[in-house]
Amino acid sequence: MSAAVRIVARLRPPLPGEVCDDGVRVVSHHSSAADSNKENTESKIVPAKTNLGPGILVLKDPSSSSLTQQSQHYPFHSAYCPEKWLSSPINPDSDSASTKSLFIHDVLPLVDQVLSGATVTVFAYGVTSSGKTYTMQGNGGDEDRGIIGMVVQELFKRLDESTSSLSMSYLELYLDTPFDLLVPPTQRRRLQILSTSSAGTTSSHSGPPLLSFGTSIHLPNLSTHPVDSPEAFQVLYADAMRHRSTGATLLNSESSRSHAVLTLYVTTTSEQNNVGKLHLLDLAGSENNNLTGNNPERMKESSAINKSLTALGQVVNALNDNAKIVARAAKQANIASAEPPKLKRIPYRSSSLTRLLSDALGGTSLALLIVCLAPGTKFRSDLVRSVGFASQARRIENKTLPPPPPPAQPIKVPTSKTFDFAIPFRPSSGSSSNSNSSNSNTITFTSSSDKAKFPSSTNLSSDTSAFSRPRSPPARPIRPARSTRSARPRASSISRDARKVINKNNLLLSPLKSTTSKRRTRRISFIPVPQGSGSRGSLGRGSQRGGSGKLSMILEGLPRPRASAGGRLENPSEHSLSGDGSVGAGYAGSGSGSGSGVVMTEEEIQERVSFWVFFSLYFSLFLSLAYIFSSSST
Ligand SMILES: Nc1ncnc2c1ncn2[C@@H]1O[C@H](COP(=O)(O)OP(=O)(O)OP(=O)(O)O)[C@@H](O)[C@H]1O
């Protein structure tokens, strides 16, 4: 799968005393057709779907009040700016300037991807004092929260704590050298950057997933720290920020003197062992030393920053050229027989920054580039350079990795008598509490294939929020047989119904061999649920048949959909998952009776008969003795 780098432009408001002109505008999608240059084909192809995007940024003649033929259009995925630079008012519900808008429209969809196990890189790029740190980190207050704080809050809202965990690493590139920001300054040591193949991380590994920094690069000594709450994150983050290199320049009293890379690892241990990664980068800004008034130390830093940003520009240039070469080759008539186009070498190794970003640019990560722009006239040439850089990055296509494979471990085979291990069904919170859950009986099926899995397209209800992890394709749902009228139908009639299930679901029934069979087994318990229990998982299908009785079904030994503690997975057409993780598929039985049914193997019936015979014998013996004893005492 390929995915273009997503580009967002953000024009900050003027700072006190900053001289601005009318040379930049953002054309909202509402007015793009009317206001923008109609001959600009690029602006026409941008879909107008989100509230704020596509963000067409226009550089225009500052002395002219309107957009002219000479105005240059830069269509990005979104653009944010104070209202005064909007070409026409946008949707009144939208906020064109805040970090929150940017987060909701452009970052939030990527958070879903991280939870699905993808690697995502968000990086803020721009000239010094253009608002990169403000965008990523905020200004400290709740009103001015940055993307990092919002992402962490959102991750904790969505993480299922029983199966997922969050950890973080944080490093800075100071003078193009990586340092760990989460170790005390006394232990500050230069980190090594290795390519993944030389680090040997591709070797097979069992146990918890490895927290490797990237797919193609690896930092073996970078520390990772578990984070179990937003507050714990704040403590670690604030500590690390104290270690980050900042300094005052004439343009910014707290100018970042290093590129900072915060990585959040979402490790999921249920179903599929995988790690979703979110790299959040606050790059240092390119600097014009004439404007910053740097001293020798600042000059050294500035030269390192500018050098690494130049290297980044060269990488983007080369990737852009390659994208053009590929597009040109694709236009040629007989591509199938043509030689693959000769592509340029990408100079990733020319700086530590480009090595760290090799996944995000032309690699396997999903990427969002936030181009921060300063409106002051003294920054105009920097602004033009920045939008030029962003326009080139727009053509870069990353090759995202496919979703992680399904678990390799086989499903565990229950070997002893099956009904002893039946998991009692607990009614979900919406159902009535008096279901006879202890009265569970089981039938063992031996499956000829692994096809009959739970339909996995289950959605989380609104209170638990959906993980959008791509799951294995849904199989046909198992449809339990219709119940009979009697509360305890005879085994023979149940067997017939059960056979229907078996035939429909490609299962083999082996009632006598089932408990000792070495083959993979599945157990299905049919448990009576009181009439009108109102489980949210009840199917409409059954009620169409006019039935009022309900059965619930438990599948054991199958992968279960995840739900957060106390949360509930729900698919209104098939299944419900109660907070304890037990899954029920409610359906309405036919007929007007209670609709409860019991399914047993012949072996189980024999066992029950023997039990009752012995029980009756002992009980009558006890009665006789009691009678003899009482008559002798009188
Ligand atoms: N969107 C915004 N709204 C209000 N103030 C902003 C905004 N963006 C930036 N600022 C202010 O502009 C100043 C410079 O911003 P910031 O430090 O984030 O720049 P920077 O791009 O990170 O600079 P450097 O590369 O030098 O670190 C700060 O005082 C910040 O509060």
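Order of appearance sets the numbers: ligands from 1, and atoms from 1 within every ligand. The figures here come from the full heavy-atom set of this structure, side chains too, leaving out hydrogens, waters and symmetry mates.
With atom 11 (C) of ligand 1 as the reference point, the heavy atom nearest to it among Leu102, Ile305, Leu15, Leu11 is part of Leu15. Nearest-heavy-atom check against atom 19 (O) of ligand 1 across Cys372, Ser286, Gly131 picks out Gly131.
For the pair Asp21 and Arg380, the salt-bridge criterion is met [side-chain N within less than 4.0 Å of a carboxylate O]. Using a 4.0 Å cut-off between charged nitrogen and carboxylate oxygen, Asp106 and Arg6 count as a salt-bridge pair.
Between Ser71 and Val58, the closest heavy-atom pair is CB-CG1, 3.5 Å.
Among protein heavy atoms, the minimum distance from atom 31 (O) of ligand 1 is reached at Asn139 ND2, 3.2 Å. Among all non-hydrogen protein atoms, the one lying nearest atom 17 (O) of ligand 1 is Asn252 ND2, 3.0 Å. The protein heavy-atom contact nearest to atom 1 (N) of ligand 1 is Tyr134 CE2, 3.3 Å. Of the protein's non-hydrogen atoms, Ser256 N, 2.7 Å is the one closest to atom 27 (O) of ligand 1. Nearest protein heavy-atom neighbour of atom 26 (O) of ligand 1: Thr128 OG1, 2.5 Å. The protein non-hydrogen atom at the shortest distance from atom 25 (O) of ligand 1 is Lys132 NZ, 2.8 Å. Counting only heavy atoms of the protein, atom 22 (O) of ligand 1 lies nearest to Thr133 OG1, 2.7 Å.
Counting heavy atoms closer than 4.0 Å to ligand 1, residue Val127 contributes backbone atoms (N, CA, C, O) but none from C-beta onward. The proximity of Thr246 to ligand 1, defined as any non-hydrogen pair under 4.0 Å, does not occur for either the backbone or the side chain.
At least one heavy atom of Arg10 sits closer than 4.0 Å to an atom of ligand 1. The shortest separation from a heavy atom of Pro13 to ligand 1 is under 4.0 Å, placing the residue in contact. Between Thr99 and ligand 1 there is no heavy-atom distance shorter than 4.0 Å.
With rounding to the nearest 0.5 Å, the separation of OG in Ser256 from CD in Glu301 is 11.0 Å. Within the model, atoms NE2 of His73 and CG of Leu59 stand 10.0 Å from one another, a figure rounded to the nearest 0.5 Å.
Within a 4.0 Å radius of atom 6 (C) of ligand 1, the protein contributes at least one heavy atom. Less than 4.0 angstrom separates atom 29 (O) of ligand 1 from none of the non-hydrogen atoms of the protein.
Side-chain atoms of Ser308 and His259 include a donor-acceptor pair closer than 3.5 Å. Checked by atom type, the side-chain pair Ser350/Gln314 shows no donor-acceptor distance below 3.5 Å. For the 3.5 Å distance criterion, the side chains of Ser365 and Thr121 qualify, holding a donor opposite an acceptor. Inspection of the Gln137 and Asp282 side chains reveals no N or O donor paired with an N or O acceptor under 3.5 Å.
Within ligand 1, the atoms closer than 4.0 Å to a non-hydrogen atom of Gly285 are 25 (O), numbered from 1 in the order shown.
The cationic atom of Arg355 (NZ for Lys, CZ for Arg) does not lie both less than 6.0 Å from the six-membered ring centre of Tyr348 and within 45° of the ring axis.
Residue contacts with ligand 1: Asp282 is placed with no nitrogen or oxygen under 3.5 Å of a nitrogen or oxygen of the ligand (distance criterion only).
Exactly one residue among Phe123, Tyr170, Phe213 makes a ring-ring contact (aromatic ring centres under 6.0 Å, His included) with His279. That residue is Phe213.
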